[in-house]
Amino acid sequence: MKLLKLEFYKCRRRRITLVCAAVLAVELLWMGAFFDRQSAEDMRWGWMLLLYNLAMVDAIVMPLSVATLASRSCELEHRGNTWKLLETMASPGGLYAAKLGWGALVLAALLALRAGVFLAAGVVIGFPGPAPWGRFGLFTLLSWAVSMMAWALQQGLSLRFANQAAALVCGIAGSFLGLLSLLFPPALTRCVPWGYYGLLALAGMNWDEATRVTSFYWRWPLPGDLALLLAWTAVFLAAGRALFLKKEV
């Protein structure tokens with residue numbers, strides 16, 4: 001707990017709040033522009049349309065956002081060459097866990113705030129039907145779980161390489177693959193870590209080629225996909241922690 005508090009203290013001037021605000025602003029602008037182009041017929045899908053497109057936006061925005069936050073958390077020790085000093089006061093495993101806990105709390109706060117903002121926006125816009133509080137809560141939990149899987153990968157890279165370009169390039173590639181994976185068949189999407197933002201979406205879309213009518217429906221994540229997400233997370237955590245413990249300081 002002390003290491004986690006120190007992590008927050010260390011990051012107080014790392015402009016983490018600004019990074020999170022930028023992520024939220026990008027998603028708000030993106031969704032605002034999207035809904036501004038929708039017809040009254042499309043808007044009747046309201047909450048389903050919102051959650052469907054939020055999953056798509058997450059697949060594009062969150063991989064790079066997670067990479068940026070992980071890099072901000074880890075680069076200071078590299079820049080100051082303080083790993084040896086830190087490891088005289090705490091174990092490498094403890095340092096790794098503190099950064100992991102910091103990332104989990106920051107992402108949880110960001111996504112919870114995001115959920116509140118978009119719920120309020122849906123009410124203000126006047127989406128038909130009551131606000132789906134439960135589905136928004138589950139959507140936020142799933143987004144956090146996928147983001148933590150990506151965090152495990154990005155933290156491992158940021159801790160392993162002093163040059164943060166490697167981690168950021170991975171984040172950029174993740175955003176590209178996250179978007180591209182939305183076009184993949186599910187079997188192939190399961191092989192792309194960042195594709196789980198779309199794979200676990202709570203709203204699906206049907207498009208009738210004959211009538212050119214688009215409809216949306218609620219759906220639930222498959223238990224097998226949730227198990228695969230946990231497996232990806234476990235692999236990235238184990239690999240990242242092992243590399244950090246073996247890192248020469």
Side-chain angles (χ1 to χ4, degrees), residues 1-20 23 58 62-112 140-175 177-178 192-194 196-197 226-249:
M1 186 59 69
K2 183 179 292 185
L3 289 175
L4 181 59
K5 290 180 179 178
L6 290 174
E7 193 67 26
F8 274 98
Y9 182 77
K10 184 206 72 176
C11 290
R12 71 193 188 283
R13 294 184 180 179
R14 301 296 293 159
R15 296 183 175 86
I16 301 302
T17 302
L18 183 60
V19 174
C20 293
V23 174
D58 274 356
M62 289 306 296
L64 180 56
S65 302
V66 169
T68 302
L69 289 169
S71 176
R72 300 295 290 175
S73 170
C74 300
E75 69 174 344
L76 196 60
E77 288 86 354
H78 288 299
R79 186 180 300 177
N81 197 24
T82 58
W83 289 118
K84 184 175 294 186
L85 176 63
L86 288 170
E87 291 185 12
T88 62
M89 300 179 289
S91 66
L95 293 172
Y96 182 89
K99 290 188 177 295
L100 186 67
W102 181 88
L105 292 174
V106 169
L107 289 174
L110 171 61
L111 293 172
T140 301
L141 179 61
L142 291 172
S143 295
W144 176 83
V146 179
S147 297
M148 282 306 299
M149 179 265 291
W151 180 277
L153 170 61
Q154 295 296 156
Q155 178 173 310
L157 292 173
S158 291
L159 290 174
R160 177 65 180 83
F161 299 104
N163 187 343
Q164 295 301 298
L168 293 175
V169 166
C170 180
I172 294 171
S175 291
L177 290 173
V192 181
W194 306 275
Y196 283 76
Y197 285 108
L226 296 175
L228 283 173
L229 174 64
L230 293 176
W232 277 107
T233 305
V235 168
F236 289 146
L237 284 174
R241 188 175 186 276
L243 289 173
F244 181 60
L245 294 181
K246 295 178 181 178
K247 180 181 176 64
E248 293 184 6
V249 296

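What you see is a predicted model; the values in this text were computed from it and never measured.
The OG atom of Ser147 sits 5.0 Å away from atom CG of Leu111, with the distance rounded to the nearest 0.5 Å. Taking OG1 of Thr233 as the start and CG of Leu153 as the end, the distance is 10.5 Å to the nearest 0.5 Å. Taking CE of Met149 as the reference point, atom CD of Gln154 lies at 10.5 Å (rounded to 0.5 Å). Taking OG of Ser73 as the reference point, atom CG of Leu159 lies at 7.5 Å (rounded to 0.5 Å).
Partners of Trp232 by side chain to side chain donor-acceptor pair (under 3.5 Å), not counting sequence neighbours, listed by chain and number: Tyr196. Residues meeting the side chain to side chain contact (heavy atoms under 4.5 Å, CB included) test with Ile16, sequence neighbours left out: Cys11, Arg14, Cys20, Leu69, Arg72, Trp102, Val106. Annotation: side chain to side chain donor-acceptor pair (under 3.5 Å) contacts of Trp151 (sequence neighbours excluded): Gln155. Here Ser65 pairs with nothing under the side chain to side chain donor-acceptor pair (under 3.5 Å) rule; sequence neighbours left out. Contacts of Leu64 classified as side chain to side chain contact (heavy atoms under 4.5 Å, CB included), with partners at least two apart in sequence or in another chain: Thr68, Ile172, Ser175.
When all heavy atoms are compared, the tightest approach of Ala67 to Gly171 is CB-CA, 3.7 Å. For Tyr197 against Ser143, the heavy-atom pair with the smallest separation is CE2-O, 3.9 Å. Nearest approach of Thr140 to Ala112, heavy atoms of both residues: CG2-N, 4.0 Å. Nearest approach of Leu177 to Trp194, heavy atoms of both residues: CD1-CZ3, 3.8 Å.
Considering only heavy atoms from C-beta on, Tyr96 stays 4.5 Å or farther from Leu243 through its side chain. Residues Leu100 and Leu237 have side chains in contact (heavy-atom distance under 4.5 Å, counting atoms from C-beta outward).
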Per-pair distances, 0.1 Å, donor-acceptor, side chain in residues 161-169, under 3.5 Å, sequence neighbours excluded:
| unit_1 | atom_1 | unit_2 | atom_2 | d |
| --- | --- | --- | --- | --- |
| Asn163 | OD1 | Ala165 | N | 3.0 |
| Gln164 | OE1 | Ser71 | OG | 3.2 |
| Gln164 | OE1 | Ser158 | OG | 3.0 |
| Gln164 | NE2 | Ser158 | O | 3.1 |
| Gln164 | NE2 | Phe161 | O | 2.9 |

